[in-house]
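Here's the structure, in structure tokens; my notes come after.
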There are 2 protein chains.
Amino acid sequence: MAEIEHLEAPERRLAEERVAELADLFRLLGDGTRLRIVLSCLAAPASVGDIAARVGASPSLVSHHLRLLRAARLVRAERRGRQIFYSPRDQHVQCVIEDMVAHVTEPRDELEGDA
Amino acid sequence: MAEIEHLEAPERRLAEERVAELADLFRLLGDGTRLRIVLSCLAAPASVGDIAARVGASPSLVSHHLRLLRAARLVRAERRGRQIFYSPRDQHVQCVIEDMVAHVTEPRDELEGDA
DNA sequence: CCAACGTATGAACAGGTGTTCATACGATAG
DNA sequence: CTATCGTATGAACACCTGTTCATACGTTGG
């Protein structure tokens with residue numbers, strides 16, 4: 001009957017363009033390596049080299065992913081000397097991840113299964 | 001120096017297995033069609049046919065996606081007559097989406113650009 | 001200025017994934 | 001019971017994307 005018309009969030013209706021943006025953000029967090037990269041700089045800013053060492057990936061790969069994360073405004077970059085430190089762009093990123101962690105760690109209703 | 005060791009969420013350290021689960025959940029929401037499917041049943045349970053009509057996709061495709069969303073515990077299914085109604089599995093899903101909407105609708109700091 | 005470190009970039013490959021088509025299943029109505 | 005509706009399933013295709021390799025850029029130290 002109606003379109004999307006719900007989401008008692010800031011804006012009640014969600015434009016198609018916004019949906020595409022949302023999907024892009026979720027897709028970026030949907031890759032294991034990229035999610036680990038974000039997680040590894042959540043608490044404190046980290047350089048590309050540090051992140052690469054922590055997540056066990058090549059600096060090249062980390063740089064590629066950071067480029068995407070930066071373009072999507074999920075992280076921000078800051079020069080310190082000849083290293084560049086990355087950190088989450090704002091508080092929402094951490095909130096999103098924490099909510100998802102809550103979803104994962106929620107007790108599985110064994111009576112319901114997956115039905 | 002250290003591993004992941006932060007995330008002042010329920011559990012401070014995030015096991016590798018959990019990270020993979022998180023990535024899977026984000027990846028599922030990272031597809032435009034699937035995200036629209038979730039959005040279309042956020043306010044009230046919706047049947048496969050209704051969802052297909054709302055998001056403009058074939059019932060077959062919607063069914064495929066709902067199977068994945070159900071397996072990941074993002075939605076739940078409930079039979080009513082010969083139709084099956086789907087709705088979000090719990091409150092966290094809605095919280096995650098709302099947080100991400102907040103991130104998208106946040107004012108862009110034009111002074112910072114993407115740096 | 002030149003060497004070295006850290007980071008960024010581009011192309012190419014392999015693998016995964018969304019979509020479609022055709023078909024099968026299950027449940028209700030007559 | 002048979003026919004029909006709604007939903008689910010499997011295979012095949014095309015496309016996208018993550019990763020690697022090689023290389024280039026920019027910045028610091030001697």
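Each chain gets a letter, A, B and so on, in the order its sequence line appears, and its residues count up from 1.
Checking A/Leu68 against B/Gln83, the closest nucleotide of DNA chain D that is more toward the 5' end is the one next to B/Gln83.
Side chain of A/Arg34, nearest nucleotide from C/dT9, C/dT19, D/dG18: D/dG18. Closest approach to the A/Leu61 side chain among C/dT19, D/dT9, D/dT19 is made by D/dT19 (side chain taken as heavy atoms from C-beta onward). Taking every side-chain heavy atom of B/His65 into account, C/dG18 is the closest of C/dG18, C/dT9, D/dT19. When distances are taken from the side chain of B/Val48 to each of D/dA8, C/dT17, C/dT7, the shortest belongs to D/dA8. The A/Asp31 side chain lies nearest to D/dT19 when the options are D/dT17, D/dT19, C/dT7. In this structure, of C/dT9, D/dT7, C/dT28, it is C/dT28 that holds the atom nearest to the side chain of B/Arg82.
Here B/Tyr86 lies in heavy-atom contact (under 4.0 Å) with sugar-phosphate atoms only. Using a 4.0 Å heavy-atom criterion, one finds that B/Ser60 contacts the bases of the nucleic acid, with or without backbone contacts as well. Across all strands, A/Ser47 comes closer than 4.0 Å only to sugar-phosphate atoms, never to a base (heavy-atom distances).
Look at CZ on A/Arg80: it is 16 Å from C1' on D/dT27, rounded to the nearest Å. Rounded to an integer number of Å, the gap from B/Arg67 CZ to D/dA11 C1' is 14 Å. Rounding to whole angstrom units, CG of residue B/Asp50 and P of D/dT7 are separated by 8 Å.
Contact check, A/Arg27 against D/dT17: a side-chain N or O comes under 4.0 Å of OP1 or OP2.
The distance from the OG1 atom of A/Thr105 to the CZ atom of B/Arg18 is 6.5 Å, given to the nearest 0.5 Å. Note that the OG atom of B/Ser47 and the CZ atom of B/Arg82 stand 12.0 Å from one another [nearest 0.5 Å]. In this structure, the separation between CG on A/Leu61 and CZ on A/Arg34 is 9.5 Å, given to the nearest 0.5 Å.
Both thresholds, 5.5 Å between centres and 30° between ring planes, are met by B/His64 relative to the base of D/dT9, so the two rings are stacked.
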